[in-house]
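Chain letters run A, B, ... following the sequence lines, proteins first, then strands; residues in each count from 1. These numbers come from a predicted model, not from an experiment.
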2 protein chains.
Amino acid sequence: MSTETMKRELYQAIAKVAQALGSGNRLQLLEFMAQGERSVDALAAMTGMTVANASQHLQALRRAGLVAARKDGQRVYYRVAGDDVVRLHHGLRVVAESRLAEVRQLVNEFLGDRGGLEPVLAQELLARAKKGLVTVLDVRPREEYEACHLRGAVNIPIDRLESELARLPRKREVVAYCRGPYCLMSFEAVAALRQRGWKARRLEGGFPEWKAAGLPVEASS
Amino acid sequence: MSTETMKRELYQAIAKVAQALGSGNRLQLLEFMAQGERSVDALAAMTGMTVANASQHLQALRRAGLVAARKDGQRVYYRVAGDDVVRLHHGLRVVAESRLAEVRQLVNEFLGDRGGLEPVLAQELLARAKKGLVTVLDVRPREEYEACHLRGAVNIPIDRLESELARLPRKREVVAYCRGPYCLMSFEAVAALRQRGWKARRLEGGFPEWKAAGLPVEASS
DNA sequence: CTAATATTCAATTGATCGCTTGAATACTAT
DNA sequence: ATAGTATTCAAGCGATCAATTGAATATTAG
């Protein structure tokens, strides 16, 4: 076979991965799976899809090698196949935000005036946390925190933040994070903390991006 | 509008970038454009597509913000929109090679027994070149070298390698590179040099990956 | 065993995509 | 102006895709 045809076949095979990413529904499924494995009906509920539709999209992602499945009892749990997949998802978002005006506008609308809160970069947080200068706050639900979180982070789910404020020392800056750049919980947390006199910022990105970058994480017990 | 619908729209807009990458022909076009800007008919000839077809694919890439066009005389020159696009292209290849067995097999078939030549990583080459331990050899055609090349690289196009061997000092190791991981010129060069007694290896990836990683490049004159 | 639950499968519909063909447009050289 | 070249446009065809619907399969609880 000529090298031209071989190269064409090769790129056509690589393109299948991009095709699998070429659907808003599948990108959303991947975002949720980046938090940890999830069952089909959980993913269907989170994305607002029918179960049958979610199942078919998950199978498309599996055929492209982007997710893996594990069966336990009557449930099937899907998860991203590896950190490289999360990084690819992230890279796609970055390019889309920087190259498509429509995406930039949608992000601005979505974040509203919250966009103004300038985020802390992962490397910066890592350095400041090492020196004990900041409290790292995970505002996701308890189960997600327990499955995996940034090393040394404290967990106060966003709906309990007001009642458990006492756990956050006032003198240190708080850096909050949640599920990712399109998750609003850390924005809310920062706003609430600032209103009550804390110095607070949010982490750029969220938990999946941190983990995919190979930065330190830990699980509870 | 509810945040769910906004998020759905946002991801649908991001997915358009992935859709643009979801075609082997467009991935090949991007590979060629990563070397530098190219006219429509040059790209059509390189990929073996009809001119009309290439034009349409290029417009699809432009709608997705991945390439930009410049008109000069009666020709239109297309180029990748930025280094982030090259990095995304690269990330896609990495995921496809690591996650799809079919892609791994096609790569092996394509590279044949050449796959055995273990490549030099970019960071390693940078360090060794700084100490003057290696000769960096660009085996691409002269025009491509002149447009842009790794800083300090020597240019001997692959078809003139035999006749200009004298330009390569025998005692230093040679590291050869070309257009990218699916370009065979550097493999040939390494094989030829080794046969004649040189110590030679090839650079992992190629020129576009080096440039997109922000490593030092320069142009002639 | 039976009922209930979770997931997958199969068939259908409308929409979109990829490629071809042939014509239209834009620019250059003479 | 005219001819030649480069690119884009428009129409058409077959293939693929996304979502819905309803049924089939697999597993657990009682």
Side-chain angles (χ1 to χ4, degrees), chain A residues 4-5 7-30 32-33 37-64 66-79, chain B residues 4-5 7-30 32-33 37-64 66-79:
Chain A
E4 279 82 20
T5 13
K7 206 165 167 182
R8 184 166 301 127
E9 275 189 39
L10 175 55
Y11 267 119
Q12 196 50 53
I14 294 172
K16 288 200 188 306
V17 174
Q19 283 168 10
L21 295 173
S23 145
N25 277 332
R26 287 195 291 268
L27 289 176
Q28 255 199 93
L29 287 170
L30 279 173
F32 288 118
M33 283 184 279
E37 62 175 20
R38 293 282 183 276
S39 68
V40 176
D41 68 343
L43 287 164
M46 288 189 263
T47 55
M49 308 165 67
T50 66
V51 172
N53 196 16
S55 173
Q56 292 193 147
H57 280 299
L58 288 166
Q59 285 172 70
L61 287 169
R62 190 170 50 181
R63 278 192 300 272
L66 298 176
V67 306
R70 174 180 72 87
K71 186 159 191 177
D72 181 28
Q74 54 189 327
R75 283 205 166 80
V76 176
Y77 293 93
Y78 282 87
R79 63 178 182 280
Chain B
E4 278 82 21
T5 13
K7 206 165 168 183
R8 184 165 301 127
E9 275 189 39
L10 174 54
Y11 267 120
Q12 197 49 55
I14 295 174
K16 287 199 189 308
V17 174
Q19 282 166 11
L21 295 173
S23 143
N25 276 333
R26 287 195 291 269
L27 289 176
Q28 253 198 94
L29 287 170
L30 279 173
F32 288 118
M33 283 184 278
E37 62 175 21
R38 293 281 184 277
S39 69
V40 176
D41 68 343
L43 287 165
M46 288 189 263
T47 55
M49 308 165 69
T50 66
V51 172
N53 197 15
S55 173
Q56 293 194 142
H57 280 300
L58 289 165
Q59 285 172 70
L61 287 169
R62 189 170 51 183
R63 277 193 301 274
L66 298 176
V67 307
R70 175 180 71 87
K71 188 159 192 176
D72 180 29
Q74 55 189 326
R75 283 206 166 79
V76 177
Y77 294 92
Y78 282 88
R79 65 179 181 280

Original post:
If you check the A/Gln19 side chain, which of D/dA6, D/dT27, D/dC17 turns out closest?
Top reply: D/dC17
Original post:
Rounded to the Å, how far apart are B/Leu61 CG and C/dG18 P?
Top reply: 10 Å
Original post:
For the pair made of CD in A/Gln28 and P in D/dA19, what is the distance, rounded to whole Å?
Top reply: 11 Å
**OP:** Answer yes or no: is there a side-chain heavy-atom contact under 4.5 Å between A/Gln28 and A/Met49?
**Re:** no
Original post:
Quick one: is C/dT7 close enough that its OP1 or OP2 comes under 4.0 Å of any side-chain N or O from A/Ser55?
Top reply: no
**OP:** Please determine, for the side chain of A/Lys71, which listed nucleotide (D/dT27, C/dG18, D/dT8) has the closest atom?
**Re:** D/dT27
Subject >> Atom-to-atom span, CG of A/Leu29 to C1' of D/dA18 - whole angstrom >> reply: 13 Å
Original post:
When we call it a touch if two heavy atoms are under 4.0 Å apart, what does A/Ala60 touch: a base, just sugar-phosphate, or nothing?
Top reply: nothing
Subject >> Check: B/Arg26 side chain, B/Ala20 main-chain N or O, donor-acceptor pair, under 3.5 Å >> reply: yes
Original post:
At their closest point, which heavy atom of A/Arg38 faces which heavy atom of A/Phe32, and how far apart are they?
Top reply: CG-O, 4.3 Å
Original post:
Of the nucleotides D/dA6, C/dT20, D/dA19, which has the atom closest to the A/His57 side chain?
Top reply: D/dA19
Original post:
Side-chain N or O of A/Arg75 less than 4.0 angstrom from OP1 or OP2 on D/dA26?
Top reply: no
**OP:** Would you classify B/Tyr78 as touching base, sugar-phosphate or nothing, given that sugar-phosphate means primed atoms plus P, OP1 and OP2, and contacts are heavy atoms under 4.0 Å?
**Re:** sugar-phosphate
**OP:** Report the distance from atom CE of B/Met49 to atom C1' of C/dG18, rounded to the nearest whole Å.
**Re:** 9 Å
Subject >> Separation of D/dA19 C1' from A/Asn25 CG (nearest whole Å) >> reply: 9 Å
Subject >> Of the listed nucleotides C/dT8, C/dA26, C/dT20, the one nearest the side chain of A/Val51 >> reply: C/dT8
**OP:** Measure the distance from CZ on B/Arg70 to P on D/dT7 and round it to the nearest whole Å.
**Re:** 12 Å
Original post:
From C/dC27, C/dA6, D/dT7, pick the nucleotide closest to the side chain of A/Asp41?
Top reply: C/dA6
**OP:** List the atom of A/Arg8, the atom of B/Thr47, and the distance in Å for their closest heavy-atom pair.
**Re:** NH2-O, 3.1 Å
**OP:** With heavy atoms under 4.0 Å as the rule, sort A/Gln56 into base, sugar-phosphate or nothing.
**Re:** base
**OP:** Could you check B/Gly22 against A/Gln59 and say which one's nearest nucleotide on DNA chain C is further toward the 5' end?
**Re:** A/Gln59
**OP:** Could you check if a side-chain atom of B/His57 sits within less than 4.5 angstrom of a side-chain atom of B/Leu43, using non-hydrogen atoms only?
**Re:** no
Subject >> A/Asn53 vs D/dT21: side-chain N/O to OP1/OP2 distance below 4.0 Å >> reply: no
**OP:** Round to a whole Å and report the spacing from OH of B/Tyr77 to P of D/dT7.
**Re:** 8 Å
Subject >> Whole angstrom value for the distance that separates C1' of C/dT7 from CZ of A/Arg62 >> reply: 11 Å
